[in-house]
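Shown next, in structure tokens, is the structure this report addresses.
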Number of protein chains: 2
Amino acid sequence: MTTAHRASGEARPGGRTARTRQAVLAAVFEELGHGGPAALSMERVAQRSGIHLATLYRRWRCAEGLVCDLLNGLSADVPLPDTGTLPGDLRALARSIGAFYADERIRSLIEAVVSAAARDPQAATVLRDFFSERLTLAGQMVVRAVERGELPPDTDPEAVMAALGAPFYYRILIARGPVDAALAESTATAVWVAARAGAYRRTEPHNGAPRDGR
Amino acid sequence: MTTAHRASGEARPGGRTARTRQAVLAAVFEELGHGGPAALSMERVAQRSGIHLATLYRRWRCAEGLVCDLLNGLSADVPLPDTGTLPGDLRALARSIGAFYADERIRSLIEAVVSAAARDPQAATVLRDFFSERLTLAGQMVVRAVERGELPPDTDPEAVMAALGAPFYYRILIARGPVDAALAESTATAVWVAARAGAYRRTEPHNGAPRDGR
DNA sequence: AGACTAACGCGAGCAACTTCGCGTTAGTTC
DNA sequence: GAACTAACGCGAAGTTGCTCGCGTTAGTCT
């Protein structure tokens, strides 16, 4: 991987390099709030940040690199709850995600990164790795639930967390509407009920049919 | 809306216009299979289709217009089942969707359209309207289920269908993996169980907490 | 404090993408 | 079948986006 698309960790963390990076990423974030991903051009970021255009191309190679770098700075902004029960955890996490994506700039960033991934293989890797890591972390919530006996022992933690996230990204990328509280509540309820029923077990129920169970 | 991004319906449907459109859209589809959305350029489509570059720009204005036009041609490729029970319908539809997205060119097309929507407001409108329409149609399946008494009467049909689709788009756009049969089965089961439990009711359960119900 | 190195500013230059004007071809109409 | 019109082919011109070389500045090391 070249200098573009890398995580953080500059050679000289405390100096001018970090300062310009800060200025540029802040400018990208602001630009995302003014017209969404469509308005994001290297030229405008250069003007807003006060950093020269050539410098942007040198360090980030293209606009895709910019949004990828910004994404990686967001890692810890959605806290992972531990309420003691899985339905409680799911609801808390769903609400956090909902609150997170209430900010249009964050939605635009997701849009921009997904769009970047469609054009640039490096951006695709960054995107996949970012969410894969988050999924594994959040999966601990499910692992605890299995240990407490709330879920079938062969439940796939990452499948559960993917199911929790999916409706939000559908709303953002496909339905293209705002993320509201109702979506968070609905999703939390749905995932909890489905997980308890064994929908996310690694080995599907042997009969192969959706279990009725009424 | 200009000539670009429009649905079908040419002024001279049976002539050269339709023939070139066919050639161009076929070329776009083939290109999507050779390197994904990143490889899609006006130049390459022109070469593959044998249609002159200037003609592409005249009729579709840009690459975004191309993929939008292609998307609209896919409307009827996923059949809507009517098996007599909602779990049966959900499973059949999930399998159809899974089979549909097993084709990498279709996945690339979705990626390309979502990416286009991030940059071009007209493409965003096409994308939203396309899925909105499909969602309403598929929602009839849920309406029938409500009439049969399988679901709470205030269940939101479109919310159910969005929940059925969401995991596939998460897989394609975020996790960036192949769509397999396990995903279809898991999703069908999850949505059925969740819908039956009232997760997709228009008015959330009054206590506001995920219903435990054990 | 002075030498050293990495990053930045600057403008010119290159390349890719997009558009335009004009002549030609195909399809429609009477 | 002959006039008419819309779409297409073609090449050139125009525009935008990106890169390069060089001089300068900021931060680091001894």
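The sequence lines fix the lettering, A, B, ..., with proteins before strands; numbering per chain opens at 1.
Applying the 4.0 Å criterion to OP1 and OP2 of dT28(C), one finds that R16(B) has every side-chain N and O outside that range. Of the side-chain N and O atoms in R19(B), none sit less than 4.0 angstrom from OP1 or OP2 of dC8(D).
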Pairs: protein N or O with nucleotides 9-16 of chain D N or O, under 3.5 Å:
| unit_1 | atom_1 | unit_2 | atom_2 | d |
| --- | --- | --- | --- | --- |
| dG9(D) | OP2 | H52(B) | N | 2.9 |
| dG9(D) | OP2 | T55(B) | OG1 | 2.9 |
| dG9(D) | N7 | R58(B) | NH2 | 3.1 |
| dG9(D) | O6 | R58(B) | NH2 | 3.4 |

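Take Y170(A) and apply the ring pair (Phe, Tyr, Trp, His ring centres under 6.0 Å) test, not counting sequence neighbours, and it matches Y169(B). Listed by chain and residue number, nothing satisfies the ring pair (Phe, Tyr, Trp, His ring centres under 6.0 Å) test with F29(A) (two or more places apart in sequence, or in another chain). Taking the side-chain contact (heavy atoms from CB on, under 4.5 Å) definition, one finds that Q22(A) meets it with nothing, sequence neighbours left out. D154(B) meets the side-chain hydrogen bond (donor to acceptor under 3.5 Å, both in side chains) test with T203(B); sequence neighbours excluded. Judged as a side-chain contact (heavy atoms from CB on, under 4.5 Å), and not counting sequence neighbours, the contacts of H34(A) are R48(A). Under the salt bridge (Lys or Arg N to Asp or Glu O under 4.0 Å) criterion, E158(B) pairs with no residue at all, not counting sequence neighbours.
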Side-chain donor-acceptor contacts of residues 36-44 of chain B below 3.5 Å, not counting sequence neighbours, with atom names and distances?
| unit_1 | atom_1 | unit_2 | atom_2 | d |
| --- | --- | --- | --- | --- |
| S41(B) | OG | R44(B) | N | 3.2 |
| R44(B) | NE | E31(B) | OE1 | 3.2 |

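Atom-to-atom, CZ of R21(A) to C1' of dC8(C) comes out at 17 Å; the value is rounded to the nearest Å. We find that CG of D120(A) is positioned 15 Å from C1' of dC18(D), with the value rounded to whole Å. For the pair Y57(A) OH and dC20(D) P, the interatomic distance rounds to 13 Å; values are reported in whole Å. Between the CG atom of L56(A) and the P atom of dC8(C) there is a distance of 9 Å, rounded to whole Å. In this structure, R59(A) atom CZ and dA7(C) atom C1' are separated by 8 Å, rounded to whole Å. At whole-Å resolution of the value, CZ in R44(B) and P in dC17(C) are 11 Å apart.
The salt bridge (charged side-chain N to carboxylate O under 4.0 Å, His left out) pairs that include a residue from residues 122-137 of chain A number zero, where partners must be two or more places apart or lie in different chains. Applying the salt bridge (charged side-chain N to carboxylate O under 4.0 Å, His left out) test to residues at least two apart or on different chains, the pairs with a partner in residues 98-114 of chain B are D103(B)-R105(B), E111(B)-R176(B).
Comparing the local axis fitted to the first five base pairs of the helix from dA1(C)-dT30(D) to dC30(C)-dG1(D) with the one fitted to its last five gives a bend of 40°, rounded to 10°.
At a non-hydrogen distance threshold of 4.0 Å, nothing from residues 25-43 of chain B comes into contact with DNA chain D.
Formation of a donor-acceptor pair under 3.5 Å by the R148(B) side chain with backbone atoms of G84(B) is found in this model. Looking at S186(A), its side chain never comes within 3.5 Å of a backbone N or O of Y200(B) through a donor-acceptor pair.
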